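As the structure is a prediction and not an experimental result, all values here were calculated from the model. Atom set for the values below is all heavy atoms of this structure, side chains included, hydrogens, waters and symmetry mates excluded.
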Protein chains: 2
Amino acid sequence: MKELAKELSLSVGTVSKALSDSHEISDDTKKKVAETASRLNYTLNPYASSLRNKKSKTIAVVLPEVADNFFSLAINGIQSVAEKKGYHVLIYLSHEKFSNEKSILSECCSGRVDGVLISVSSETTDAQHILKLQQQNVPIVFFDREFEGLHIAKVITNDFECGYASATHLISNGCKNPVFLSISSSLGICNHRASGFKAALKDKKIADPEKAIIECRGTKEEVDWQIKNLLTGKTKPDGIVASVERLAMSVYLVSQQINISIPAELKVIVFSTLETAPILNPPLTTITQPAFEIGKTAAELLFKGIEKKKYNLFDEIITLPSVLIERTSSQPCQFKKK
Amino acid sequence: MKELAKELSLSVGTVSKALSDSHEISDDTKKKVAETASRLNYTLNPYASSLRNKKSKTIAVVLPEVADNFFSLAINGIQSVAEKKGYHVLIYLSHEKFSNEKSILSECCSGRVDGVLISVSSETTDAQHILKLQQQNVPIVFFDREFEGLHIAKVITNDFECGYASATHLISNGCKNPVFLSISSSLGICNHRASGFKAALKDKKIADPEKAIIECRGTKEEVDWQIKNLLTGKTKPDGIVASVERLAMSVYLVSQQINISIPAELKVIVFSTLETAPILNPPLTTITQPAFEIGKTAAELLFKGIEKKKYNLFDEIITLPSVLIERTSSQPCQFKKK
DNA sequence: CTGAAAGCGCTAACAG
DNA sequence: CTGTTAGCGCTTTCAG
């Protein structure tokens with residue numbers, strides 16, 4: 001910038017103003033500055049600007065995992081609005097570990113980012129790290145996986161309702177003993193889905209609602225093993241609602257291995273945006289979340305919080321509904337109908 | 001930091017050194033500084049540091065898309081090494097648009113990042129924007145989708161070989177008229193796969209190698225439409241190699257719609273890390289890239305470039321092999337054997 | 001409309 | 001071992 005100023009025999013102050021299109025600079029010099037800037041292909045040092053302005057034009061997205069259709073679509077949604085606003089997006093992965101999430105958020109306290117979008121890990125049972133961030137006046141918005149009981153904005157989907165719908169769907173298609181596979185009893189979102197599921201079981205007076213919730217934790221292998229045990233056990237279910245994508249994949253894989261036929265012996269529904277659902281064997285019934293929209297809306301909300309300093313905007317809850325898309329995996333079977 | 005210094009009645013200089021664990025500070029004061037720092041929960045302003053040190057501890061990852069298994073796994077690989085090094089990861093999406101890629105890379109020139117990992121868009125036919133970045137001494141590593149003919153490090157897979165293998169696999173399983181679906185004739189990686197495919201056709205003296213390469217561009221709907229045309233045309237193929245994940249999904253979807261049975265009438269192979277491949281209908285034969293490893297290796301290479309200023313390290317090419325995993329979609333069929 | 005100067009928070013060279 | 005000081009590149013008063 002000094003060079004630019006020298007080149008044009010102007011002061012750095014003037015150049016700075018010209019580049020930021022200040023009204024107190026003549027159009028003439030603005031043009032000249034712009035020209036020589038691009039000629040010397042000069043670009044503003046973002047960190048110097050950040051230092052002065054105390055804003056980084058950067059947001060953080062904290063998620064448990066990217067290799068999951070829901071989250072990657074959500075990132076697309078987030079990115080689309082960040083791009084429009086000229087913001088940069090830092091991605092952090094907690095890999096479902098609380099300790100990772102903690103250290104990630106502590107990084108976000110340092111002024112590195114102007115706001116945080118977060119989907120909490122399944123291990124998170126304590127919100128100190130989140131509250132600390134909020135105390136530093138960093139705008140935060142939860143998307144999808146919230147932490148309950150905080151005064152923090154969130155963009156979620158109608159989990160309870162969908163849980164309810166998933167159970168009634170299975171029951172009305174003939175299941176007598178449906179179960180719900182959860183990934184964590186501390187995850188609000190999972191609990192809401194499970195509660196809806198249990199409520200439906202209670203209403204229909206089917207099975208024991210409490211026994212119908214099964215928590216699947218651990219590595220992929222451990223989960224596969226748990227599911228195999230479940231499906232070969234004596235009280236084996238005839239219907240499964242998987243709370244997340246990867247559980248359904250395990251169910252399919254295991255069923256294939258041990259020759260359980262879907263939907264004849266076992267009906268399956270999953271909460272997921274899995275693109276390949278219609279071409280699976282058999283096509284998989286999904287409760288499809290508006291993943292892109294959730295990301296987009298959460299980002300828009302965050303920017304509201306970043307732009308206006310009215311933090312009270314921030315008890316906001318936006319619920320975007322999911323839809324149950326019925327496919328073969330949950331269909332009633334001919335020979336079972338009678 | 002000034003406050004910290006006042007609190008401890010030390011100078012800012014000393015505090016700074018203490019925090020960065022300089023050898024010229026007594027362990028005693030270091031401990032005190034650390035303590036009060038965490039008590040006041042002070043964190044270093046990263047942008048002030050960046051400004052002084054001329055390094056941002058941040059890398060950029062530029063990719064065409066996140067909602068693709070290959071790329072999300074690659075991000076995992078990248079993130080894993082960035083985290084270990086204490087680096088932050090900015091994600092930029094080109095959405096396969098050259099114009100986006102250009103503006104993204106121009107952002108990277110400003111010193112915002114210490115290095116760039118990039119997988120080019122399918123539209124990219126010109127490398128000015130990449131060269132400009134290189135001229136600014138920003139370390140760059142290509143991963144997966146490279147731009148050919150530049151002196152830039154890359155981590156790729158054995159595309160030619162796999163293209164060759166895919167064709168011979170189809171042919172030896174009975175295909176007389178296999179085709180290769182490309183997404184771009186300007187994409188090195190696609191061309192290598194296609195070249196391998198053509199070479200095999202030539203060696204086996206099957207069909208016209210040149211006519212066997214079909215470019216599928218445009219939106220999802222346009223691609224579906226193209227594929228439908230292909231599969232209902234008079235010279236319809238009996239084998240397809242899809243160069244990327246989403247093309248295979250189109251093929252499956254369309255085949256399902258128009259009742260083409262896989263593998264009896266049409267055998268399919270895809271270059272992809274698709275997790276659901278084994279549970280598709282039918283299970284899909286894949287050429288599975290080591291996506292995580294590619295991301296990880298590319299990041300490691302980038303950090304070599306960032307840490308040593310020996311830029312000549314940078315003509316390096318690392319090839320990590322993919323494997324063909326045979327599943328039902330490409331199997332020879334009983335009644336066709338005779 | 002343009003220039004001079006102070007300072008954002010931190011680091012590093014140099015003195016003590 | 002600790003303090004002082006200059007300056008990273010930019011923005012923003014305040015004067016001219």
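A:Ser122 and A:Glu96 share a donor-acceptor pair across their side chains, judged by distance under 3.5 Å alone. Side-chain atoms of A:Ser22 and A:Ser20 form no donor-acceptor pair, as typed in the model, at a separation below 3.5 Å.
In terms of phosphate contacts, B:Thr29 brings a side-chain nitrogen or oxygen within less than 4.0 Å of OP1 or OP2 of D:dT2. Phosphate proximity of D:dC1 to B:Thr14: absent, as no side-chain N or O sits under 4.0 Å from OP1 or OP2. Residue A:Tyr42 places at least one side-chain N or O under 4.0 Å from the OP1 or OP2 atom of D:dC10.
Counting non-hydrogen atoms under 4.0 angstrom, A:Lys17 reaches a base of the nucleic acid. The residue A:Ser26 sits close only to the backbone: its heavy atoms come under 4.0 Å of sugar-phosphate atoms, none of a base. Nucleic acid contact for A:Ser16: base, since at least one base atom lies under 4.0 Å from a heavy atom of the residue.
Between the CD1 atom of B:Ile25 and the C1' atom of C:dA13 there is a distance of 14 Å, rounded to whole Å. Distance, A:Lys30 NZ to C:dC1 P: 9 Å, rounded to whole Å. The separation between A:Lys2 atom NZ and D:dC10 atom P is 10 Å, rounded to whole Å. In this structure, the CZ atom of A:Arg112 is 16 Å from the P atom of C:dG9, given to the nearest Å. Taking atom CG on A:Asp21 and atom P on D:dC10, their separation rounds to 17 Å, with Å as the unit. B:Leu51 has its CG atom 8 Å from the C1' atom of D:dC10, to the nearest Å. The distance between atom CG of A:Asn45 and atom C1' of D:dT11, rounded to the nearest whole Å, is 13 Å. Rounded to an integer number of Å, the gap from NE2 of A:His23 to P of D:dT12 is 11 Å.
Of the two residues near DNA chain D, A:Gly13 and B:Lys54, the one whose nearest nucleotide lies more 5' is B:Lys54.
Around atom NZ of B:Lys30, more than 12 heavy atoms belonging to other residues, nucleotides or ligands sit under 6.0 Å away.
Residues B:Lys85 and B:Ile306 form no side-chain contact, since every pair of their non-hydrogen atoms from C-beta on lies 4.5 Å or further apart.
Taking every side-chain heavy atom of B:Glu24 into account, D:dT2 is the closest of C:dG3, D:dT2, D:dC8. Looking at the side chain of A:Asn53, the nearest of the listed nucleotides D:dC10, C:dC10, D:dT12 is D:dT12. With D:dC10, C:dT2, C:dC10 as the choices, the nucleotide that has an atom nearest any side-chain atom of B:Ser49 turns out to be C:dC10. You'll find that the side chain of A:Leu44 is closest to D:dC10, out of D:dC10, D:dC8, C:dG9. Residue B:Ser11 has its side chain nearest to D:dG3 when only D:dG3, C:dC8, C:dA4 are considered. The side chain of B:Arg52 approaches C:dT11 more closely than any other nucleotide in the set C:dT2, C:dT11, D:dC10.
By the 4.0 Å N-to-carboxylate-O rule, B:Lys32 lies close enough to B:Asp28 to be salt-bridged with it. A salt bridge does not link B:Lys31 to B:Glu35: none of the charged nitrogens lies less than 4.0 Å from a carboxylate oxygen.
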